[in-house]
Amino acid sequence: MSLIGRRLALPEDLVVHRVFEAHARQHPDRTALTCADERLTFAELNTRANRFAHHLIAFGAGRGSVIGVCLDRTPDLLVAILGTMKAGAAYVPLDPTYPAERLQLMVSQLDEIKFNVASADTRDLIAGAPGELILLDGLAGQLEAQPATDPLVDLSNDDLCYVVFTSGSTGTPKATAVRHEGWYNLLEWLRVEYGLDESASGLTVSSFGFDISQRGLIAPLFCGAALHLLPSRSFDPGMAYRLIETHGVRQLHCAPSTLYVLVDHEQALGTDALTRVGHVFIGGEPLTVARVEEWAAQEGNYCVLLHQYGVAECTDVATSHALADYARYHGAAIPVGEPVYNTEIRLLDNELNEVADGEIGEICISGLSVSAGYLNASPADSQRFTELFDKDGPVRIYRTGDRGYVTPDRELVVVGRVDQQVKIRGMRMDLGDVEHGVRSHAHVEDAVVVAVPDASGELRLVGFVLPASGAIDTRALYRDLLATLPRNMVPQEFKVLNAFPVNPNGKTDRRALAALAVA
């Protein structure tokens, strides 16, 4: 079974930052960036990025170089990102909200790192990292002596533009190398499919180290619109909401947990700035519709929520579904939609044969979005990138490890992970199926289920639930679920939480929940 995205003809030159340069030439005085009281036009931001690029080139950076960027949300962050790409190099987002130990683990895997760009406030986080340290906030005099013109660097579409680490939820994070052609294809799909233009200003709300943040930072500039930076190292929902309201933000890229907080904030205030955001692109993990339905379905809400599926290894987004008619999602899995342009989704069995219509298979992705692969990965990890042979010859695919099926309406539904299948009392099941069953209970707003060993070494299920309203009687919940789920799929224990812990990338931290389950 396969889903084929619309084939969109692209120009020959798919180097992302050259689109930004074209906007700077055509509309030099248009606002490109704001951060607190600072405002930069496209021409000003382009000039600062050019000077930094020339500085990097003078010190030996160029095509094929990898440069770490560990900066807070300031204009220098965009100067570093754009300047790195203009020099022909790929940037690595090193989020200053991460613990220093995690940052050290990440950069220690990249022998390719030539420089690390930091500030006086972030330098200690990457002390001892491989590569030469560049303090961007201390270069003012040197950069003024550099040319303001666009560097002339010979780049091809398959050169790297950024390297992002996976979340590492099941082990050591892996460095995924994304190419210009894949990123250009994604940004052009966003621009064309959703009509994003110079009015589609954006706001950064996600962790810099998260793959979703890379498009959150660049998509507005790619469309010729303004990017507004949240001038805070950590996510401040009150500040974010005020910026959405003040600047009339029209696109957001975030994880569901961030959207929940913004919706709760708006409902508490009784205002409507979020309802006027044109598009919210939701990724990273599945959305729980019950958390946003009341807000989303209210009269006068003009915000379109896009429920998206993707992986860092395939340039972040592979499919997208516009949420509407919320009643249809009650008791059912939410589709993640159809493929992005120039992308194909295949559902395959263990022997890499396509499964029949309606059957569940492993989700495998092919097309322009497939990345260059992992840097310095183990042979086992690298095998996730493989080839199929069809009538047109070899096709490079990425095996996601996710399981899904295609609806009669030709939309993808994700049902769980291959590695989330567990055997309880001799019967195999998927934790995603168990979670769906628990979420269907009227008193449960959201649920996460983990499998942990008991004293005898046998696996038992522990369910963590957020109450829909008031308190939850966990004994009654257990009895009710016995009427709708097989006994071996009903968690033996439930714990009620006010919120799920999240990892640095904004996703639910299952390892933290597993530790809590055995505490």
Side-chain angles (χ1 to χ4, degrees), residues 186-187 189-197 199-207 210-223 225-230 235-269 271-310 316-326 329 334-338 340 411 446 502 505-508:
L186 173 67
L187 295 170
W189 165 75
L190 285 168
R191 187 187 70 81
V192 174
E193 183 72 9
Y194 300 107
L196 304 182
D197 56 19
S199 68
S201 62
L203 173 70
T204 55
V205 291
S206 298
S207 161
F210 197 9
D211 50 356
I212 199 173
S213 294
Q214 311 322 310
R215 61 181 157 102
L217 288 166
I218 298 300
L221 299 176
F222 188 90
C223 299
L227 170 67
H228 306 291
L229 292 179
L230 186 67
F235 175 61
D236 182 329
M239 183 187 298
Y241 191 85
R242 288 193 298 273
L243 291 173
I244 290 170
E245 192 167 32
T246 300
H247 294 294
V249 168
R250 290 294 175 265
Q251 63 171 303
L252 289 175
H253 302 259
C254 63
S257 56
T258 301
L259 176 62
Y260 303 151
V261 172
L262 289 173
V263 167
D264 290 345
H265 190 82
E266 175 159 283
Q267 290 181 318
L269 291 176
T271 51
D272 63 354
L274 194 60
T275 68
R276 297 195 300 272
V277 174
H279 299 87
V280 176
F281 301 97
I282 308 160
E285 60 185 354
L287 176 77
T288 300
V289 165
R291 303 283 294 275
V292 299
E293 181 178 2
E294 179 184 355
W295 170 84
Q298 67 182 306
E299 185 177 352
N301 189 339
Y302 301 104
C303 180
V304 179
L305 300 184
L306 287 307
H307 189 229
Q308 300 184 319
Y309 166 77
D316 189 24
V317 181
T319 65
S320 184
H321 169 77
L323 295 169
D325 186 17
Y326 285 83
Y329 308 121
I334 311 172
V336 292
E338 300 176 346
V340 306
E411 289 197 302
D446 203 356
V502 295
N505 284 351
K507 299 180 182 180
T508 299

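This structure is a prediction, so every number in the text was calculated from the model and none was measured.
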Determine whether Leu252 and Leu274 make a side-chain contact, defined as any pair of heavy atoms from C-beta on separated by less than 4.5 Å. yes
In Å, rounded to the nearest 0.5 Å, how long is the span from OH of Tyr260 to CD1 of Ile282? 8.0 Å
Can you tell me if Gln267 has over 12 outside heavy atoms packed within less than 6.0 Å of its CD? yes
Evaluate Thr271 against Glu245 for side-chain hydrogen bond (donor to acceptor under 3.5 Å, both in side chains), listing each step before the verdict. CA-CA 10 Å; Thr271 51; Glu245 192 167 32; 5.0 Å; no
CG on Leu227 to CG on Leu221, rounded to 0.5 Å: 5.5 Å
Point-to-point distance, once rounded to the nearest 0.5 Å, from CE of Met239 to NE2 of His265: 11.0 Å
Verify, without hydrogens or angle tests, whether His307 (side chain) and Pro286 (backbone) share a donor-acceptor contact under 3.5 angstrom. no
Can you name the nearest heavy-atom pair linking Leu203 to Leu229, along with the distance? CD1-C, 4.4 Å
Closest heavy-atom contact between Ile212 and Gly283? CD1-N, 3.8 Å
For the atom pair OG1 (Thr246) and OH (Tyr241), what is the distance rounded to the nearest 0.5 Å? 10.5 Å
Set of salt bridge (charged side-chain N to carboxylate O under 4.0 Å, His left out) partners for Asp236, sequence neighbours left out: none
Quick check: do Glu338 and Glu411 have side-chain heavy atoms less than 4.5 Å from each other? yes
Would you check if the side chain of Arg250 reaches a backbone N or O of Arg276 as a donor-acceptor pair within less than 3.5 Å? yes
State, with a plain yes or no, whether a side-chain heavy atom of Val249 is found less than 4.5 Å away from one of Leu243. no
Say you draw a straight line from OH of Tyr309 to OG1 of Thr319; how long is it, rounded to the nearest 0.5 Å? 7.5 Å
Between Ser206 and His253, is a side-chain contact (heavy atoms from CB on, under 4.5 Å) present by the stated rule, with each step listed? CA-CA 8 Å; Ser206 298; His253 302 259; 5.9 Å; no
For the atom pair CZ (Arg242) and CG (Leu230), what is the distance rounded to the nearest 0.5 Å? 9.5 Å
Shortest non-hydrogen contact between Val304 and Ala322, atoms and distance: CG1-CB, 4.3 Å
Heavy-atom check, side chain of Leu196 versus side chain of Gln251, under 4.5 Å: yes
Do Glu266 and Thr275 touch side chain to side chain, with heavy atoms closer than 4.5 Å? yes
Flag the pair Val317 / Arg215 as yes when at least one side-chain heavy-atom distance between them is below 4.5 Å, and no otherwise. yes
Mind telling me whether Tyr194 and Trp189 have parallel, tilted or perpendicular rings, with 30° and 60° as the class edges? perpendicular
Answer yes or no: is there a side-chain heavy-atom contact under 4.5 Å between Trp295 and Leu262? no
Report yes if some heavy atom in the side chain of Arg191 is under 4.5 Å from a heavy atom in the side chain of Leu187; otherwise report no. no
Is a donor on one side and an acceptor on the other found under 3.5 Å between the side chain of Glu285 and the backbone of Thr508? yes
Quick one: do Leu287 and Leu323 satisfy side-chain contact (heavy atoms from CB on, under 4.5 Å)? Show the steps, please. CA-CA 10 Å; Leu287 176 77; Leu323 295 169; 3.4 Å; yes
If you look at every heavy atom in Phe210 and Ala255, which pair is closest and at what distance? CE2-CB, 3.9 Å
Nearest heavy-atom approach of Cys254 to Val280 is SG-CG1, 4.0 Å
Between Ser320 and Gln308, is there a side-chain donor-acceptor contact under 3.5 Å, judged purely by atom types and distance? yes
Hey, what's the ring geometry for Tyr329 with Tyr326, parallel, tilted or perpendicular (30° and 60° as the breaks)? perpendicular
Dump the intermediate steps for side-chain contact (heavy atoms from CB on, under 4.5 Å) on Leu190 and Phe222, then the final yes or no. CA-CA 10 Å; Leu190 285 168; Phe222 188 90; over 6 Å; no
Shortest non-hydrogen contact between Ala296 and Asn301, atoms and distance: CA-ND2, 3.4 Å
The test is side-chain contact (heavy atoms from CB on, under 4.5 Å); show your working for Arg291 and Val263 and say whether it passes. CA-CA 9 Å; Arg291 303 283 294 275; Val263 167; over 6 Å; no
